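The structure under discussion appears below in the form of structure tokens.
Given the structure is predicted, the values throughout are model-derived calculations rather than measurements. Numbering starts at 1 and runs along the sequence shown.
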Amino acid sequence: MKDNAEQLYTLLQSIEGVVWEADAAMQHFTFISDRVHGITGFSPQDWLGRPGFWKTRVHPEDKHVIDEYAGLKGGTVKNHTFEYRMIRADGHIIWIKDNVSVLRGEKGACLLCGVMLDNTVAERLKGLERLERDVLKLNSDLTVSLQNVLLSYLQGLEALFPQMQCSIHRVKNGRLISGVSPSLPAGYMNAIIGRSIGENEGSCGAAAATRQQVIVSDIATDDRWVEYRSLALSYQLKACWANPVVDADGEVMATLAMYYREPKAPTEEELQVMEKATALLRIIMENRGKAEIINETNLLMLQSQEMARFGNWRWDVQQDIVSWSPTLYIIYGLDPEDFKATFAGYQALLHPEDRDRVRGIIENVLHSRQGTQFEERISRPNGDIRYLRSWARLKTDAQGNPIEMIGACLDITETVLQMQAIEQQNRQLLDIAWMQSHMIRSPLTRIMALVELLKDASNSDEEKAEFLDHLLTSANELDEQVKRINQKAEQSN
């Protein structure tokens with residue numbers, strides 16, 4: 001019998017996980033295997049000799065599980081599985097997966113027994129995957145600043161590793177700039193900003209300079225922290241691991257640092273987390289950089305379109321869905337909230353005299369599959385007429401069926417009005433020239449006739465003098481007409 005008990009004890013101690021037995025209230029443990037020390041940091045004697053000890057180790061945010069254990073006594077199901085967080089002796093948080101069975105004896109006596117498994121790695125992995133999804137989604141929202149995205153990610157990492165304090169520093173022109181951290185003291189972060197990178201410039205400076213991971217497990221003794229040792233130790237920072245965040249062109253964009261308030265070397269799991277975090281930061285920062293460039297380019301394009309009065313449009317031929325650029329609404333004098341763009345709606349906005357012609361042009365593009373350029377007039381809601389130079393091109397599928405038509409419109413109203421004004425001015429000048437030519441012709445004809453009379457030698461001196469007076473009068477009259485022409489020409493200019 002004794003041998004059987006020893007064999008059972010040895011068997012229980014060999015099971016992967018912590019085998020335990022306790023009363024229904026989880027106040028008193030009657031058995032717990034030696035593996036509890038490796039998982040929780042507490043000895044079996046701590047668990048067996050201290051009533052209510054288990055409840056003190058459950059994470060404050062998971063205290064609800066205590067009531068769930070207590071509820072097993074009145075239930076009918078014999079086997080249960082619980083997952084919750086527990087605080088180790090060193091303050092670290094671990095995830096426990098506890099497979100519990102209910103044992104009922106005579107007269108209603110109830111015992112609980114189970115096997116606790118350390119599920120921390122698996123839970124952290126799931127937590128990292130959730131965090132990555134959430135952060136990538138947040139990064140896609142350009143209304144959220146990059147700094148807030150990075151801060152949110154670091155907060156998530158610190159929640160998974162509560163003893164860890166994280167920071168990110170951008171790197172530019174050989175210096176650490178614009179640091180962000182959810183937990184490091186502001187005084188320390190401000191002291192780091194602007195520092196040069198270099199092999200002996202702390203973990204971040206060395207990582208940026210060498211483009212390699214830098215692990216400093218004890219700041220107090222590591223030569224790379226000589227210049228910054230007093231600063232770090234004054235804030236109780238004892239260990240710092242750093243990774244460079246390198247872009248596709250091989251340039252260091254930033255550094256990721258993980259600090260601890262005790263000398264510490266990273267575990268294999270922590271090294272993997274660093275690599276995953278660094279890879280994600282590269283994606284976040286590169287994507288955000290590209291998105292900002294695209295956004296700035298689009299903004300410049302929209303501004304250029306607005307300044308040039310140039311808008312573009314797209315017409316889904318099959319669904320009759322039309323989309324306009326913001327500038328096109330401005331050209332048409334319409335509010336995007338009030339006007340739903342369709343082909344029929346566009347036709348209604350055309351000048352009545354242009355509707356049939358423009359409809360024929362669009363139909364020809366649909367049938368010929370050839371792009372075109374044309375001019376059209378539109379009527380704004382306030383009655384103004386605008387002149388547009390428009391382009392249209394058809395896109396088809398592999399079978400040649402129309403998919404959509406794309407195009408653009410340039411508001412040429414000012415140019416057309418200027419040309420019309422010039423043409424009007426030219427017509428006025430022609431009218432003036434025609435009228436003045438008739439007015440000049442009369443005195444000019446008299447002058448020519450008087451000159452012929454003066455040529456006649458038979459005329460007396462008295463007659464010649466009279467002819468000269470008439471000639472002078474006609475010349476003055478001609479001079480007045482020329483002056484009037486000059487004055488009108490100046491006025492028309």
Problem - Value rounded to 0.5 Å, distance of CD1 in Ile215 from OG in Ser203 - result: 8.0 Å
Exercise for the section: Enter the distance from Ser390:OG to Ile362:CD1 here, rounded to the nearest 0.5 Å. Expected result: 8.0 Å
Practice task
Determine whether Cys409 and Leu328 make a side-chain contact, defined as any pair of heavy atoms from C-beta on separated by less than 4.5 Å.
Solution key: yes
Problem - Results of side-chain contact (heavy atoms from CB on, under 4.5 Å) for Val149 - residues two or more places apart only - result: Val135, Leu138, Asn139, Val144, Ile284, Arg288
Problem - Non-hydrogen side-chain atoms of Met253 and Arg282 separated by less than 4.5 Å - result: yes
Practice task
Report the distance from atom CG of Leu125 to atom CG of Asn119, rounding to the nearest 0.5 Å.
Solution key: 10.5 Å
Practice task
Answer yes or no: is there a side-chain heavy-atom contact under 4.5 Å between Cys113 and Val100?
Solution key: no
Exercise for the section: Examine the side chains of Asn200 and Glu227 and answer whether a donor and an acceptor come within less than 3.5 Å of each other. Expected result: no
Completion exercise
Only residue of Lys137, Lys276, Lys126 satisfying salt bridge (charged side-chain N to carboxylate O under 4.0 Å, His left out) with Glu132 is Lys276
Exercise for the section: Answer whether the closest heavy-atom distance between the side chains of Leu281 and Leu150 falls below 4.5 Å. Expected result: yes
Exercise for the section: Please confirm whether the backbone N or O of Arg380 pairs with a side-chain atom of Arg386, one donor and one acceptor, at under 3.5 Å? Expected result: no
Handout entry: salt bridge (Lys or Arg N to Asp or Glu O under 4.0 Å) against Glu199, all qualifying residues, sequence neighbours excluded
Key = none
Problem - Closest contact, heavy atoms only, Arg211 versus Gly250 - result: NH1-O, 2.7 Å
Handout entry: Atom CZ of Arg57 with >12 non-hydrogen neighbours under 6.0 angstrom
Key = yes
Handout entry: salt bridge (Lys or Arg N to Asp or Glu O under 4.0 Å) partners for Arg389, two or more places apart
Key = Glu375
Problem - Partner set under salt bridge (Lys or Arg N to Asp or Glu O under 4.0 Å) for Lys172, not counting sequence neighbours - result: none
Exercise for the section: Using the ring of Phe161 (Phe, Tyr or Trp, six-membered ring only), decide whether Arg124 places NZ or CZ under 6.0 Å from its centre and within 45 degrees of its axis. Expected result: yes
Completion exercise
Nearest heavy-atom contact between Pro402 and Val317 is CB-CG1, 4.4 Å
Practice task
Using distance alone, with no hydrogens and no angle criterion, decide if Glu21 and Thr30 have a side-chain donor and acceptor under 3.5 Å apart.
Solution key: yes
Exercise for the section: Report the residues that fulfil ring pair (Phe, Tyr, Trp, His ring centres under 6.0 Å) with Trp324, sequence neighbours left out, ordered by chain and then residue number. Expected result: Tyr329, Tyr332, Phe339
Handout entry: Qualifying residues under side-chain contact (heavy atoms from CB on, under 4.5 Å), relative to Asp23, sequence neighbours excluded
Key = Ala25, Gln27, His28
Fill in the blank from the handout: On a heavy-atom basis, the closest approach of Thr255 and Ala208 is CG2-CB, 3.8 Å
Exercise for the section: Please list, chain by chain and in numerical order, all residues satisfying ring pair (Phe, Tyr, Trp, His ring centres under 6.0 Å) with Trp47, sequence neighbours excluded. Expected result: Phe29, Phe53
Practice task
May I ask you to test the Asp46-Val36 pair for a side-chain heavy-atom distance under 4.5 Å?
Solution key: no
Problem - Counterpart residues, side-chain contact (heavy atoms from CB on, under 4.5 Å), relative to Arg314 (two or more places apart) - result: Ser323, Lys395, Glu404, Ile406
Fill in the blank from the handout: To the nearest 0.5 Å, atom CG of Leu111 lies from atom CG of Leu103 at 6.0 Å
Handout entry: Pairs where residues 251-271 contributes a residue and the test ring pair (Phe, Tyr, Trp, His ring centres under 6.0 Å) is met, not counting sequence neighbours
Key = Tyr188-Tyr259, Trp241-Tyr260
Problem - Atom of Val216, atom of Arg224 and distance for their closest heavy-atom approach - result: CG2-NH2, 3.9 Å
Practice task
For the residue pair Trp315 and Asp320, confirm or rule out a side-chain donor-acceptor distance under 3.5 Å.
Solution key: yes
Handout entry: From OG1 (Thr40) to CD1 (Ile94), nearest 0.5 Å
Key = 6.5 Å
Practice task
Report the C-alpha distance between Ser196 and Glu201 in whole Å, list the side-chain angles of each, state the deciding distance to 0.1 Å, and finish with yes or no for side chain to side chain donor-acceptor pair (under 3.5 Å).
Solution key: CA-CA 7 Å; Ser196 299; Glu201 297 290 333; 6.0 Å; no
Practice task
Taking all non-hydrogen atoms of both residues into account, name the closest pair between Leu154 and Pro182 and its distance.
Solution key: CB-CD, 3.7 Å
Handout entry: Sequence neighbours excluded - side-chain hydrogen bond (donor to acceptor under 3.5 Å, both in side chains) pairs with any residue from residues 78-88
Key = Trp54-Tyr84, Glu61-Arg85, Asp62-Arg85, Asn79-Ser101, Thr81-Asn99, Arg88-Asp90
Exercise for the section: Give every residue pair that meets the side-chain hydrogen bond (donor to acceptor under 3.5 Å, both in side chains) criterion with at least one member in residues 159-170, sequence neighbours excluded. Expected result: Gln165-Arg261
Handout entry: Main-chain N/O of Thr120 paired to Asp118 side chain as donor or acceptor, under 3.5 Å
Key = yes
Handout entry: Neighbour count >12 (heavy atoms, 6.0 Å) for atom CD, Gln147
Key = no
Completion exercise
Residues at least two apart in sequence or cross-chain that pass salt bridge (Lys or Arg N to Asp or Glu O under 4.0 Å) with Lys264, listed by chain then number, are Glu270
Handout entry: Nearest non-hydrogen partners of Tyr153 and Ala277, listed with the distance
Key = OH-CA, 3.2 Å
